[in-house]
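Step one of this worksheet: look at the structure below.
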Amino acid sequence: MLAPGPAPAGRPHPSEADGDEAEEFVRLHHDEHPDQPVPLTARQQQIRRQIDETGTYTHTSDELAFGARVAWRNSSRCIGRLYWKSLRVLDRRQAATAEDIRQHLCDHLRQATNGGRIRPVISIFAPDTPAGRAPRVWNDQLIRYACHRQDNGDLVGDPTYADFTDTVKRLGWQAPGGAWDVLPWVIETDQDKPQLFDVPPDLVLEVHLTHPDRPDFADLGLRWHAVPAISNMRLRIGGINYPLAPFNGWYMGTEIGARNLVDADRYNLLPVIAEHLGLDTSSETTLWRDRALVELNVAVLHSFTQAGAKISDHHTESRHFMTHLAKEEKQGRTVPADWSWIVPPVSGGITPVFHRYYEEADQRPNFYLDDDARARGTGGCPFGHG
Ligand code: ARG
């Protein structure tokens with residue numbers, strides 16, 4: 001076996017902090033919050049010294065919170081950025097074991113769900129450093145529904161998670177076998193092999209779908225979870241990578257009513273709903289898909305509101321995004337945005353976000369989705385072996 005040599009020149013080991021990016025980040029922090037205890041140049045020297053000695057440096061809790069909030073502000077696919085300053089940042093860098101991490105993830109769900117008054121929260125676990133690999137969670141979100149393959153080839157549950165469900169079953173998950181089984185967490189640390197944990201059901205707020213003027217809509221037995229908490233994106237702040245930094249906001253109705261329950265490779269429910277509503281599906285020109293889609297979105301917004309679970313509609317959220325653009329412009333900042341993600345998947349043209357173009361810059365801090373994280377989420381080998 002070869003002795004581990006230094007990283008080739010110009011290609012720093014990814015676990016090492018990038019000094020230039022660190023410098024730029026603390027400058028941004030000081031620009032936006034000039035009231036710092038340590039002057040900018042002193043802090044920059046401190047960081048350079050730490051990087052020289054250890055290959056990395058440690059963010060203060062202020063830097064961490066600011067970095068996480070700006071990473072949200074820079075997320076070009078997110079329409080909900082008006083509230084970026086209110087992100088609640090939980091510093092979990094000390095958590096070492098899978099069990100510690102499990103407890104903090106539970107606490108995250110508790111604080112985020114907040115009895116239905118959903119709050120944007122991020123939990124930040126230890127970063128990658130030259131001294132050790134950061135923990136990871138294999139799940140792409142903290143709450144997701146499994147998919148079970150039937151003998152006849154049918155899929156029961158959310159088909160996106162068919163492979164991931166196979167993986168967790170191989171790891172020993174005893175699956176109930178229904179269409180709405182919450183997937184267990186797979187937590188991996190440097191010291192240990194991946195550990196499986198069931199998500200405590202009392203921490204998973206779910207909403208059963210009803211329709212304001214169709215009492216029998218409830219018979220379809222549809223539901224969705226109230227908190228979308230993304231757990232596979234790497235948070236990069238000031239040249240440091242935090243691979244485990246799960247974050248959540250609240251739902252915009254269309255994410256559930258026009259995508260999760262509707263996409264052909266997800267629950268694919270438009271035909272079922274159209275039949276339930278008695279629509280004429282004999283031709284596309286009856287617009288039965290569109291009519292079913294609207295009624296499903298009405299049901300999602302109505303049910304969440306009735307259940308006291310925070311949700312927003314795409315008209316309101318689009319207006320808020322326009323407000324965000326105006327506010328940011330006033331601060332002299334550009335708002336990077338990806339049109340194809342910002343425009344809602346229903347009624348795009350009747351929302352204000354449709355009628356303009358956006359800058360598409362990669363501004364840091366930010367969140368990134370790596371190939372290895374994607375592979376974990378789809379049940380592929382996390383080490384890149386297919
Ligand atoms: N679209 C994803 C889902 O349906 C969630 C993405 C984040 N959404 C949010 N509202 N923060 O689960």
Side-chain angles (χ1 to χ4, degrees), residues 68-69 71-89 108-109 111-114 116-123 137 139-147 157-161 164 180 182-183 199 204-207 209 222-235 245-269 293 296-297 299-301 303-305 309-318 320-321 324 337-338 340-346 351 353 366-369 373-374 377-378:
R69 292 180 182 130
W72 183 9
R73 185 174 90 194
N74 284 335
S75 293
S76 53
R77 294 174 165 186
C78 177
I79 193 174
R81 285 177 273 168
L82 178 60
Y83 302 105
W84 67 273
K85 277 186 189 162
S86 71
L87 179 64
R88 189 182 269 241
V89 181
H108 183 126
L109 287 184
Q111 295 198 40
T113 308
N114 191 27
R117 296 173 305 281
I118 297 163
R119 293 185 283 226
V121 176
I122 185 168
S123 296
V137 160
N139 311 62
D140 68 350
Q141 287 199 30
L142 296 183
I143 303 172
R144 272 330 216 189
Y145 297 118
C147 178
D158 188 342
T160 308
Y161 296 97
F164 188 74
W180 313 97
V182 173
L183 284 160
V199 185
V204 182
L205 177 60
E206 290 182 289
V207 175
L209 299 193
L222 308 181
R223 59 167 100 168
W224 204 256
H225 55 89
V227 176
I230 293 178
S231 50
N232 66 342
M233 291 186 85
R234 168 170 58 90
L235 168 62
F247 61 87
N248 74 279
W250 54 81
Y251 265 116
M252 180 164 84
T254 56
E255 298 183 81
I256 303 165
R259 302 299 309 278
N260 299 344
L261 295 177
V262 165
D263 280 1
D265 57 357
R266 302 291 299 280
Y267 280 82
N268 191 22
L269 287 169
L293 187 64
L296 176 57
N297 278 276
V300 168
L301 293 169
S303 318
F304 270 65
T305 306
K310 191 173 169 91
I311 193 157
S312 69
D313 66 84
H314 47 292
H315 302 288
T316 306
E317 210 56 47
S318 297
H320 286 175
F321 188 67
H324 175 62
D338 180 338
S340 68
W341 278 70
I342 296 296
V343 172
V346 290
T351 66
V353 295
N366 216 320
F367 294 100
Y368 296 94
L369 186 56
R374 223 189 289 268
T378 56

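Numbers here are sequence positions counted from 1. The figures here come from the full heavy-atom set of this structure, side chains too, leaving out hydrogens, waters and symmetry mates. Indexing begins at 1, ligand by ligand and atom by atom, following the structure's order.
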### Task
Measure from the side-chain N and O atoms of R77 to the backbone N and O of D338, and report whether any donor-acceptor pair falls under 3.5 Å.
no

### Shortest protein contact, atom 12 (O) of ligand 1 (heavy atom only)
Y251 OH, 2.7 Å

### Query
What protein heavy atom sits nearest atom 4 (O) of ligand 1, and how far off is it?
N260 ND2, 2.8 Å

### Message
Considering both backbone and side-chain atoms of N248, is one of its nitrogen or oxygen atoms within less than 3.5 Å of a nitrogen or oxygen in ligand 1?
### Response
no

### ligand 1 N/O within reach of W250 N/O, cut-off under 3.5 Å
yes

### Message
Is R259 close enough to touch ligand 1? Criterion: a residue heavy atom under 4.0 Å from a ligand atom.
### Response
no

### Task
Check each atom of ligand 1 against the heavy atoms of I230 and keep those under 4.0 Å away; list them by number with element.
6 (C), 7 (C)

### Query
Quick one: does ligand 1 sit under 4.0 Å from the side chain of E317, the backbone, both or neither, non-hydrogen atoms only?
neither

### Donor-acceptor contact below 3.5 Å, side chain R234 vs main chain Y368
no

### Query
Quick one: which of L369, N232, T378 gives a side-chain contact (heavy atoms from CB on, under 4.5 Å) with D140?
N232

## Note on the structure
Heavy-atom proximity to atom 7 (C) of ligand 1 ranks first, among E255, R77, H225, Q141, for E255

### Query
For S123 and H108, does a side-chain donor sit closer than 3.5 Å to a side-chain acceptor?
yes

### Query
Checking D158 side chain against C147 main chain: does a donor-acceptor pair fall under 3.5 Å?
no

### Message
Going by side chain to side chain contact (heavy atoms under 4.5 Å, CB included), name the residues that satisfy it together with N260, two or more places apart in sequence or in a different chain.
### Response
R144, W224, Y251, I256, R266

